[in-house]
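All remarks here apply to the structure that follows.
Atoms within each ligand, like the ligands themselves, are counted from 1 in listed order. Everything numeric in this text was worked out from a predicted model, so none of it was measured.
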Amino acid sequence: MAAYALTQAGANVVLIEAGPLWYATENSKMLMWPYQSPRRGASTKDHGFGEFDAAIGGFSIEGEPYTRAPGTRFDWFRSRMLGGRTNHWGRISLRFGPHDFRRKSLDGLGDDWPIRYEDVKPYYDKVDRLIGLFGSKENLPNEPDGLFQPPPRPRCYELVVKQAADKLNITCIPSRLSIITKPTNGRPACHYCGQCYRGCLTNSNFSSPSVLIKPALATGKLTILANAMAREVTVDAKGLATGVSYIDKATGEDRRIPARIVVVAASALESARLLLNSKSALFPNGLANSSGVLGKYITDTTGSDLAGFIPRLADGLPHNEDGVGGMHLYMPWWLDNKKLDFPRGYHIEVWGGRGVPSYGFGGGIQSYPGGGGYGKDLKALYRHTYGAMVGFSGRGEMIPNDDSYCEIDPDTVDRWGIPVLRFHWKWSEHEIKQVKHMQDTFEALILQMGGTLLWKKGAPENDYGIAPGGRIIHELGATRMGADPKKSVLNAHCQAWDVKNLFVADGGPFVSQADKNPTWTILALSLRTSEYIADQMKQGAL
Ligand SMILES: Cc1cc2nc3c(=O)[nH]c(=O)nc-3n(C[C@H](O)[C@H](O)[C@H](O)COP(=O)(O)OP(=O)(O)OC[C@H]3O[C@@H](n4cnc5c(N)ncnc54)[C@H](O)[C@@H]3O)c2cc1C
Ligand code: SF4
């Protein structure tokens, strides 16, 4: 987004990218049938979500380790491709609400942002118009409506979920995904092939290479240095950023690119690593770290799942249920915390249905009633149960805490000799209680649909099934913004307090997590920061 907005404003931009070039419109495997591969779509080392998935990267990358403090479980998903994780994300595109920017004022926990919803709203609107998303106007208190295109109709199993949610008084509305259902800015509408994770050949969903980078290249003002691993932001004697040193991965050579302004957007934690590694006589603790807050207060979304077998959906008539590559319905947070034993909330994502059969079967046929067997009986059971599984994923808000942070591991470097991150992580009681509530709600929904659980629900001995830190892949914080330079890395424009020509444009500036997926807010903030940079340059202040 920063490359797009800055080139539109007339700036010359060099984008340093650790991975190769990758464009969904050219490289997507959207039209591959599972039977065209002997693996039938099963995951590989580099494609953890399936072999056709548009991901290069994963929770572990050869030669690029990270470490964990003793007793810590934190898993870090990293992309190494142009556009990063926007190539294979779920495209759930939610705005943060007015309360999400001022939670400390409301419940005394965490911190307030130095900006309010009203500061970001114009940029959400611009992102909606530029990229496009579908959804429905609902006027819910902390779930702002966007400039939505019409949503697709619910599928059969989603209607069953909606019935159950209505009975239990759980708000259940059309999902909000950055997939266009009307032609938008030269891109055709989605044709409902259901394969968004593979990247879209027709450019009908959002991935940054096809939607933002290509128009940026068309200005003639963008140069991409691919397979270039940034090592350090360099500074001059006055403490201003002078450019970036990087490794040319093809040759292993160290190089440097000079720049008037440096925007760091390598994903929240990788950006913190880059700044922590940018040490100099002026900045002995890392660049922009006079507060000592760099790397601190990292968060991830809380997560837990549960699935059920729904007999009403068994022996379903075969029909095309593809739709968009993702859910058509979801449940935003619907309760009042005053009546609960935990702060903040979560939303519920819904999965199931009759998508293209591939490797694996709904968590394993053996977990279904009467599951297993051989030959004809087994095939009959597959047909009987196919499409009768419905699952729920809770995605909630973690409150930043002093025990969750990253730092440079003094003893470990990656294959280029760059020091790596070491993680410290702790869920607090708030998150564990929230996940217990998720599990109880999922069970109630499954029972209301007349179903049985496909696996045991979370219990105290496994912290109610809370996913390990990092596993929901919504890591945020580490370069937080704030109103006080002693307590934050960046000001309200995502500009480093200590280095006025250094900015951060990823999830690092976030002060709180919210119960929403973060990427729409990352895009809106990046656009806001980029417009600020352009404005300051025009005024001669930068
Ligand atoms: C399977 C999956 C599903 C998801 N679903 C959703 C969803 O539905 N909704 C939502 O809001 N979010 C979702 N997310 C999260 C979302 O993808 C991220 O929030 C978003 O991509 C973050 O953008 P980013 O630019 O900060 O980081 P990234 O997308 O990770 O991009 C970082 C870029 O920096 C490059 N890079 C890293 N280090 C260096 C270096 N040292 N030098 C040079 N380049 C470097 C990387 O190669 C990459 O191109 C999902 C993620 C995954 C993996
Ligand atoms: S479902 Fe729509 S947006 Fe997704 S890959 Fe298919 S055509 Fe593209």
Less than 6.0 angstrom from the centroid, inside 45 degrees of the normal: does R471 satisfy that with respect to the ring of F59?
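Cation-pi check for R471 and F59: passes.
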
Around atom 4 (Fe) of ligand 2, list the protein N/O/S atoms within a radius below 2.8 Å, excluding water molecules.
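The answer, once waters are left aside, is C196 SG.
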
N/O separation below 3.5 Å, [X] to ligand 1:
X	answer
F77	no
W520	no
Y197	no
F49	no
I522	no
W89	no
R85	yes

Option nearest [atom] (shortest heavy-atom distance, choices [options]):
atom	options	result
atom 46 (C) of ligand 1	A2, A18, G84, S79	S79
atom 19 (O) of ligand 1	I472, T519, T521	T519
atom 37 (C) of ligand 1	A505, A266, S178	A266

Could you list the atoms of ligand 1 found under 4.0 angstrom from a heavy atom of [X]?
X	answer
G90	3 (C), 4 (C), 5 (N), 6 (C), 7 (C), 8 (O)
A230	40 (C), 41 (N), 42 (N), 43 (C)
D506	26 (O)
M229	41 (N), 42 (N)
I16	43 (C), 44 (N)
N517	7 (C), 8 (O), 9 (N), 10 (C), 11 (O)
P518	11 (O)

Aromatic ring pairing [X]/[Y], orientation class (parallel under 30°, perpendicular over 60°, tilted between):
X	Y	answer
F510	F96	perpendicular
W425	W427	perpendicular
W520	W89	parallel
F49	H88	tilted

Residue-level breakdown please: for [X] versus ligand 1, do any non-hydrogen atoms fall below 4.0 Å on the side chain, on the backbone, on both, or on neither?
X	result
R80	both
H88	both
M81	backbone

To which protein heavy atom is atom 51 (C) of ligand 1 closest, and what is the distance rounded to 0.1 Å?
I473 CG2, 3.9 Å

Would you mind listing which atoms of ligand 2 come within a distance below 4.0 Å of any non-hydrogen atom of H191?
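Taking each heavy atom of H191 in turn, ligand 2 has 2 (Fe), 7 (S) under 4.0 Å.
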
Charged N to carboxylate O under 4.0 angstrom, [X] versus [Y]?
X	Y	value
E62	R80	no
R95	D125	yes
R176	E143	no

Side-chain donor-acceptor pair present, [X], [Y], cut-off under 3.5 Å:
X	Y	value
S393	W351	yes
R256	T242	yes
E431	T302	no
W113	D100	no

Measuring from the heavy atoms of A228, does anything fall under 4.0 Å of ligand 1?
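The answer is yes, since A228 has a heavy atom less than 4.0 Å from ligand 1.
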
